[in-house]
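Just so it is clear, the structure is predicted and the values come from calculations on it, not from any experiment.
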Amino acid sequence: MAKVRMRCSGMGLLVTLAAFLACSGRPVPSSPHTLTIAVENDIQTLDPAILSDPFTSRILWQMYEGLLGLDAQGAPVPLIAESWQADDGFRRWTFKLRPNVLYHESPLFAAPSHTRPVNAYDVLYSYHRFAAGFGSFVFSGVVEGFAEYVKHQSDSVKGFVVLDSLTFQFRLLQAEPTFVYRLASPYLGIMPEEVVEHDPHRFGRTICVGSGPFKLLRRTETEVLLERNPHYWRQTKGNLQQILFRVEKNPQLRISQFESRVYDVLQAPIAFIPRFMQGDAIKPELADRYRLLRGTTYNVHYLGLNCRDLQDIHLRRAIAFAVNKTEIVRSLLYDQAQIAASPVPPGMQGYQPPEGLLFNPDSSRQELAASSYRGAPLTVLVSDAPNSEQLGQIIQSDLDRVGIRTTLQKLDFNSMLSRIFSGDKPDLFILFSEWIFSAPEFIIDSYHSERWPNPNLFGYRNPRVDQLLNEWRKQSEREQINAICRQAESIALSEAPAVWLFHLYNIYVTDHRLTQFSVNANHYWDLADALWQEE
């Protein structure tokens, strides 16, 4: 466990980290068993810089690591970076890298050992790749020179700086006292330039090289086989030597093959919760075969509203008042979710969201009467992701009761993402987010007009909200930051850019022989420390 000591001075904040001991290549007890896990969706990519699919992330995050990780309490902990320091009033953040963190072996490395240590130039290269791709939202409006780079006015980001081979610095446009909470997700994995650039079209398909606890052994269109990294820098307790991820979209088949021991880990589809659970625990008659983990992650499921087309606030409020979240959680989710008022999970860094617009059909009809809506059907985009179509049908029924007509359009999940991030947005869309951030101010940034089209998928705009979302950076106390964010969100929720539905409890059922399996709030599956014990 990392012990974090903070010492504040007028010049900045020094974070010293101890007792997070590195060790390379220590043996773990061997296990001949290959852990097999079903994946609900097509494997999108194994390239961190272009990943947008939370299903595939479970695979990819076994192979890559970022500067920081997240502990069980939601606080940043050191991974590739062993320490960090903030200076210049929280505008300069300097990270000291851990020496001798080795990449997975690959013939693409020139050294006789076919590997080399991660260095600060890799961080520079990787963050430029994120800046140019899907991950641009992490740094947009935050890092010096980022806008110029995105607009192709510069060939580098001025605020990404290598001070020496083991020291990397971020230079920010303005103070950001909680900047490290941007970086604690495994999404921001570090990768080696020479491997990526050797064949960029194959990287993420058949070539994947990171520094994580497992490395790629084989990939096909429907399977990814990983093997334990013998040179991983951190001592791990687990004994899994291989992990096989296999695409299986049919939930009934996933269940039956799990029960037949083809699969060892199951993220249980909500429809099958009664098959395994009694209350919040595994059924007593199944306790000798299975273990159950009920995980709380930084997720939110929601009905997004295209505010650029649906500019009528009365119509948006009518939609929000019409949706019965309590009934959704009860009837569809077997109470395995927390009703959402906000994109922020309650309690994240002490934040408690405002109440928002509660279910009230009479208020919905009043808002609808005040709107310009005249009965034209609205398109609701759903996907083949779990619960998406069923959610669409329930919401369609709720809206119909107050006089709002809708048609459902279904796409596969990846096609749906492509359409939402394009200019061809539907009127409404059902989506979920697994947040890579671990502080509420970055999630609430979804309401900022400058964050369109990502993470402000809704095209929501309100100058007062923008102003408040710029003001929290002037504060250094968590209570003050949360208060400003709550004020901004109260305004945004009253204008209904989205209907935040629920925060889902993730239910994992595993073979009883698998122990020490855990999932953190960023939905990182810890398989490095998992143990398989034969009967």
Side-chain angles (χ1 to χ4, degrees), residues 270 299-335 337-344 346 353-383 385-410 416 420 425-433 446-447 456-462 489-504:
I270 287 296
N299 74 77
V300 66
H301 294 242
Y302 57 94
L303 175 69
L305 280 63
N306 181 354
C307 297
R308 301 211 167 192
D309 287 346
L310 303 180
Q311 296 184 22
D312 188 329
I313 292 176
H314 291 294
L315 174 57
R316 300 206 306 259
R317 288 169 58 88
I319 292 169
F321 277 126
V323 178
N324 190 343
K325 304 176 192 178
T326 301
E327 183 60 22
I328 289 172
V329 170
R330 186 195 66 80
S331 62
L332 179 64
L333 306 177
Y334 301 97
D335 290 319
Q338 184 174 12
I339 294 171
S342 159
V344 182
E355 194 171 61
L357 304 180
L358 302 178
F359 172 62
N360 189 322
D362 290 337
S363 294
S364 177
R365 293 184 183 96
Q366 291 171 11
E367 292 287 347
L368 192 62
S371 76
S372 59
Y373 179 72
R374 295 297 177 265
L378 304 177
T379 300
V380 183
L381 194 61
V382 300
S383 75
N387 307 313
S388 179
E389 187 172 14
Q390 294 91 330
L391 269 174
Q393 292 167 348
I394 293 172
I395 290 171
Q396 183 179 47
S397 178
D398 285 345
L399 295 180
D400 185 63
R401 288 192 187 98
V402 299
I404 302 173
R405 297 172 57 209
T406 58
T407 57
L408 300 186
Q409 181 180 353
K410 185 177 179 180
M416 178 182 181
I420 289 172
K425 271 189 173 60
D427 299 313
L428 309 168
F429 51 92
I430 291 175
L431 196 58
F432 69 96
S433 293
S446 301
Y447 300 122
N456 182 355
L457 302 177
F458 328 106
Y460 174 71
R461 290 177 284 194
N462 184 304
E489 187 167 34
S490 294
I491 298 170
L493 290 175
S494 72
E495 298 182 339
V499 183
W500 307 107
L501 299 172
F502 54 85
H503 307 286
L504 186 67

> Run the side-chain contact (heavy atoms from CB on, under 4.5 Å) check on L428 and N306 step by step: do they pass?
Replying inline: CA-CA 6 Å; L428 309 168; N306 181 354; over 6 Å; no
Can you measure from [atom1] ([X]) to [atom2] ([Y]) and round to the nearest 0.5 angstrom?
X	Y	atom1	atom2	answer
L315	R374	CG	CZ	10.5 Å
L310	Y373	CG	OH	10.5 Å
K425	T379	NZ	OG1	14.5 Å
L357	F321	CG	CZ	4.5 Å
L457	I420	CG	CD1	7.0 Å

Looking only at heavy atoms, what is the nearest atom pair of [X] and [Y], with distance?
X	Y	value
S364	A318	OG-O, 2.7 Å
L332	I270	O-CG2, 2.9 Å
S388	S383	OG-N, 2.9 Å
A496	A320	CB-CB, 4.0 Å
K325	A340	NZ-O, 2.8 Å
V344	P353	O-CG, 3.7 Å

> Passes side-chain contact (heavy atoms from CB on, under 4.5 Å), L381 versus I430? Steps please.
Replying inline: CA-CA 6 Å; L381 194 61; I430 291 175; over 6 Å; no
> By salt bridge (Lys or Arg N to Asp or Glu O under 4.0 Å), which residues pair with R401, not counting sequence neighbours?
Replying inline: D398
> With sequence neighbours left out, what residues match R461 under salt bridge (Lys or Arg N to Asp or Glu O under 4.0 Å)?
Replying inline: none
> Is there a side-chain contact (heavy atoms from CB on, under 4.5 Å) between I328 and F502 once you walk through the steps?
Replying inline: CA-CA 9 Å; I328 289 172; F502 54 85; 4.0 Å; yes
> Tell me the salt bridge (Lys or Arg N to Asp or Glu O under 4.0 Å) pairs involving residues 300-323, sequence neighbours left out?
Replying inline: R317-E367
>> Applying the side chain to side chain contact (heavy atoms under 4.5 Å, CB included) criterion to R330, which one of N324, I339, D335 satisfies it?
In response: D335
>> Using 30° and 60° as the class boundaries, would you call the ring planes of F458 and Y302 parallel, tilted or perpendicular?
In response: perpendicular
Donor-acceptor pairs are to be reported for all side-chain atoms of residues 389-396 against protein atoms at under 3.5 Å, with residues two or more places apart or in another chain.
from: E389; atom 1: OE1; to: K410; atom 2: NZ; distance (Å): 2.9
from: Q396; atom 1: NE2; to: T406; atom 2: O; distance (Å): 3.0

>> According to side-chain hydrogen bond (donor to acceptor under 3.5 Å, both in side chains), does anything in residues 491-501 pair up with another residue at least two apart or in another chain? List the pairs.
In response: Y447-W500, Y460-E495, N462-E495
> Listed by chain and number, what are the ring pair (Phe, Tyr, Trp, His ring centres under 6.0 Å) partners of H503, not counting sequence neighbours?
Replying inline: none
>> Could you tell me if the side chain of P426 sits less than 4.5 Å from the side chain of Q409, heavy atoms only?
In response: no
